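Below you'll find the structure, written out as structure tokens, and then a few comments.
Reminder, nothing fancy here: chain letters follow the sequence lines and each chain counts from 1. Everything numeric here is computed off the predicted structure, so don't read it as measured data.
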2 protein chains.
Amino acid sequence: MLTDERHRIIRDRLAAEGSVLAGELATRFGVSEDTVRRDLRELAKSGQCRRVYGGAVAPAPFADAPISLRGGHAVEEKMRLASAAVALLSSGQSLFIDGGSTNAALARAIPHDLELTIATNSLSVASALSDHALVELIVLGGRFVRDLGTCVGADTLAAVAQLGADLFFLGSCGLDATRGVTAFDPAEAEVKRAMARNSAGIVVAVTDDKLATAAPYRVAGAEAIRHLVVEKTAPAAILADFQRQGAEIHFA
Amino acid sequence: MLTDERHRIIRDRLAAEGSVLAGELATRFGVSEDTVRRDLRELAKSGQCRRVYGGAVAPAPFADAPISLRGGHAVEEKMRLASAAVALLSSGQSLFIDGGSTNAALARAIPHDLELTIATNSLSVASALSDHALVELIVLGGRFVRDLGTCVGADTLAAVAQLGADLFFLGSCGLDATRGVTAFDPAEAEVKRAMARNSAGIVVAVTDDKLATAAPYRVAGAEAIRHLVVEKTAPAAILADFQRQGAEIHFA
DNA sequence: GCAAAACATGCAAGAACGTGCACAAACAAA
DNA sequence: TTTGTTTGTGCACGTTCTTGCATGTTTTGC
């Protein structure tokens with residue numbers, strides 16, 4: 001059996017079942033477990049699987065995967081959030097849209113008959129907008145970070161600095177009434193801050209699981225949020241805190 | 001047994017089963033393994049299979065699902081060109097890749113185990129590379145032109161100016177031995193020129209229908225082409241013109 | 001904290017490989 | 001026919017790659 005053939009079968013099984021066991025593959029292929037471990041190590045090195053004790057699992061999906069769903073099963077919620085957020089748009093506006101699966105859903109939900117100028121550092125957002133004939137699309141380039149699906153770094157910041165927008169759709173990692181909007185990555189947070197600085201208003205759309213949580217890097221205070229789009233199941237107490245600080249609440 | 005007949009059988013078996021073993025073919029044909037290896041080497045050189053330890057497998061682009069190719073009808077030809085062009089790559093290189101469907105096919109054909117630095121202004125190329133874990137991807141942002149699928153303009157030019165590359169995979173609109181490489185859009189041509197200026201070598205891969213044609217805007221002279229990847233059916237007379245000007249010809 | 005399983009690493013045997021060379025057959029020119 | 005050339009093939013050589021095993025380490029479950 002060819003090494004390449006083993007790799008192919010492992011990939012197939014990962015795609016189909018999400019995980020593989022080293023021992024099981026060894027007997028199936030008729031080779032030693034050492035060989036299987038070498039295979040898995042190699043696949044993991046090129047990002048085609050993630051190594052775990054006892055075998056391997058499918059890699060974390062990102063960017064423009066089948067339906068670019070990072071959160072997995074929260075897809076429907078995100079699409080509902082996106083539909084609600086789209087109601088804030090009208091022709092002639094200019095927007096910043098950064099990364100995250102909610103923003104990817106938003107981009108797909110934008111009607112084709114709106115005339116907008118949109119700047120984004122997210123590949124999946126840009127791809128989703130590439131067939132919107134009336135959208136003037138500006139890609140904010142830079143070093144592409146695979147885990148985020150966005151571009152960050154000095155080049156990205158410089159590009160943002162040259163632009164201004166009416167609304168900034170901020171993909172949020174954590175959202176807390178006292179700590180505000182927070183992100184997991186420092187470079188990502190820096191880009192978000194730059195976009196926030198150059199925008200007249202900030203829109204944050206989050207699923208319930210991100211409410212009242214915080215990540216290490218601060219992006220903007222809660223008082224900077226103009227529109228907050230949440231699920232209908234969001235706790236009223238938390239929403240009240242944001243409302244007190246000037247946010248307008250929209251239910252999906 | 002005729003050499004050509006062996007090649008045909010190998011191709012058939014590759015199409016049917018996806019892989020072949022050198023030893024097995026040797027006994028089946030009644031020839032030495034050396035001869036089989038020579039056959040496989042030859043087929044691999046023309047992109048009809050991919051050589052692996054122990055035998056060969058069907059070429060990469062055909063193995064996985066071909067999804068969003070805009071090119072329409074010449075898809076297979078472009079995939080073959082891409083397979084042949086990939087042979088020019090080796091780990092550690094840095095590349096410019098611009099737009100066009102051939103380059104999109106190329107990006108998809110790049111093996112996952114190559115460690116490359118790639119800068120591109122094409123959305124589809126960037127998307128195709130977003131799951132290559134070992135590729136350092138730099139997105140060249142700017143105003144997105146829907147018809148081209150690429151970013152152009154001052155911002156793009158500025159981003160290109162900061163970079164250098166070993167090879168530039170130039171998506172060509174027209175290719176002529178006297179007029180060189182030409183493009184339909186002036187802004188696009190300007191970006192291509194900038195990439196050409198900052199690259200040590202230029203690679204052009206074109207289908208037959210673009211050979212000996214020219215578009216309005218000049219990108220680079222024929223003498224600037226280091227590698228020219230063409231179909232096997234390309235007219236020898238035209239190729240000779242390019243070869244005389246220093247281009248190395250590669251057949252898909 | 002302990003035993004078992006899973007793991008990474010080094011190593012050696014063998015398989016597969018590329019290359020150069022010799023030989024034979026096919027072919028073209030003299 | 002004879003001679004020279006080309007092409008395809010097999011063999012010998014040294015090289016590279018894969019693989020299983022032995023070793024010691026890390027992780028897991030109890």
Applying salt bridge (charged side-chain N to carboxylate O under 4.0 Å, His left out), run through A/Glu24 and A/Arg13 and close with a yes or a no. CA-CA 12 Å; A/Glu24 184 207 345; A/Arg13 182 163 285 213; 2.5 Å; yes
Verdict with supporting geometry, A/Asn121 and A/Thr156, side-chain hydrogen bond (donor to acceptor under 3.5 Å, both in side chains): CA-CA 7 Å; A/Asn121 65 330; A/Thr156 317; 5.9 Å; no
Could you walk me through whether A/Thr35 and A/Ser32 satisfy the side-chain hydrogen bond (donor to acceptor under 3.5 Å, both in side chains) test, starting with their C-alpha distance in whole Å, then the side-chain angles of each, then the deciding distance to 0.1 Å, before giving a yes or no? CA-CA 5 Å; A/Thr35 302; A/Ser32 74; 3.3 Å; yes
Could you walk me through whether A/Asp39 and A/Val31 pass side-chain contact (heavy atoms from CB on, under 4.5 Å), step by step? CA-CA 11 Å; A/Asp39 289 338; A/Val31 297; 5.8 Å; no
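When rounded to the nearest whole Å, the span between NE2 of B/His7 and C1' of D/dT9 equals 13 Å. In this entry the distance linking CG of B/Asp39 with C1' of D/dG10 reads 13 Å, nearest Å. Rounded to whole angstrom, the span from the CG atom of A/Asp34 across to the C1' atom of D/dC17 amounts to 16 Å. Put simply, CZ on A/Arg38 is 14 Å from P on D/dC17, counting in whole angstrom units. A straight line from CE of A/Met1 to C1' of D/dT19 spans 15 Å, rounded to a whole angstrom. The distance from atom CD of A/Glu33 to atom P of D/dA22 is 15 Å, rounded to the nearest whole Å. Regarding B/Arg37, its CZ atom lies at a distance of 17 Å from the P atom of D/dT15, rounded to whole Å.
Here the nucleotide nearest the side chain of B/Tyr53, chosen from D/dG10, D/dT27, D/dT18, is D/dT18.
With sequence neighbours left out, A/Phe184 forms a side-chain contact (heavy atoms from CB on, under 4.5 Å) with A/Cys173, A/Ala215, A/Pro216. In this structure, the side-chain contact (heavy atoms from CB on, under 4.5 Å) partners of A/Arg80, at least two apart in sequence or on a different chain, are A/Glu76, A/Glu77, A/Ala252.
Side-chain contact between B/Arg8 and B/Asp4 is absent, with no heavy atoms from C-beta onward closer than 4.5 Å. Counting heavy atoms from C-beta on, the side chains of A/Lys192 and A/Val181 never come closer than 4.5 Å.
Note on B/Thr35: every side-chain N or O is 4.0 Å or more away from OP1 and OP2 of D/dT9. Phosphate proximity of D/dT19 to A/Arg6: present, with a side-chain N or O under 4.0 Å from OP1 or OP2.
Counting 5' to 3', DNA chain C first comes under 4.0 angstrom of a heavy atom of chain A and last does so at the ends given by C/dA5 to C/dT9.
Across residues 24-31 of chain A, A/Val31 each have a non-hydrogen atom less than 4.0 Å from an atom of DNA chain D (numbered order).
An end-to-end axis angle of 40° holds for the helix from C/dG1-D/dC30 to C/dA30-D/dT1, taken from five base pairs per end and rounded to 10°.
Among the heavy atoms of the strands, none lies under 4.0 Å from B/Val36.
Contact detail for A/Asp98 and A/Gly171: the closest heavy-atom pair is OD1-N, 2.7 Å.
Under the 4.0 Å criterion applied to side-chain N and carboxylate O atoms, A/Arg37 and A/Glu33 are assigned as salt-bridge partners.
Within the structure, ring pair (Phe, Tyr, Trp, His ring centres under 6.0 Å) pairs that include any residue of residues 79-103 of chain B do not occur (at least two apart or interchain).
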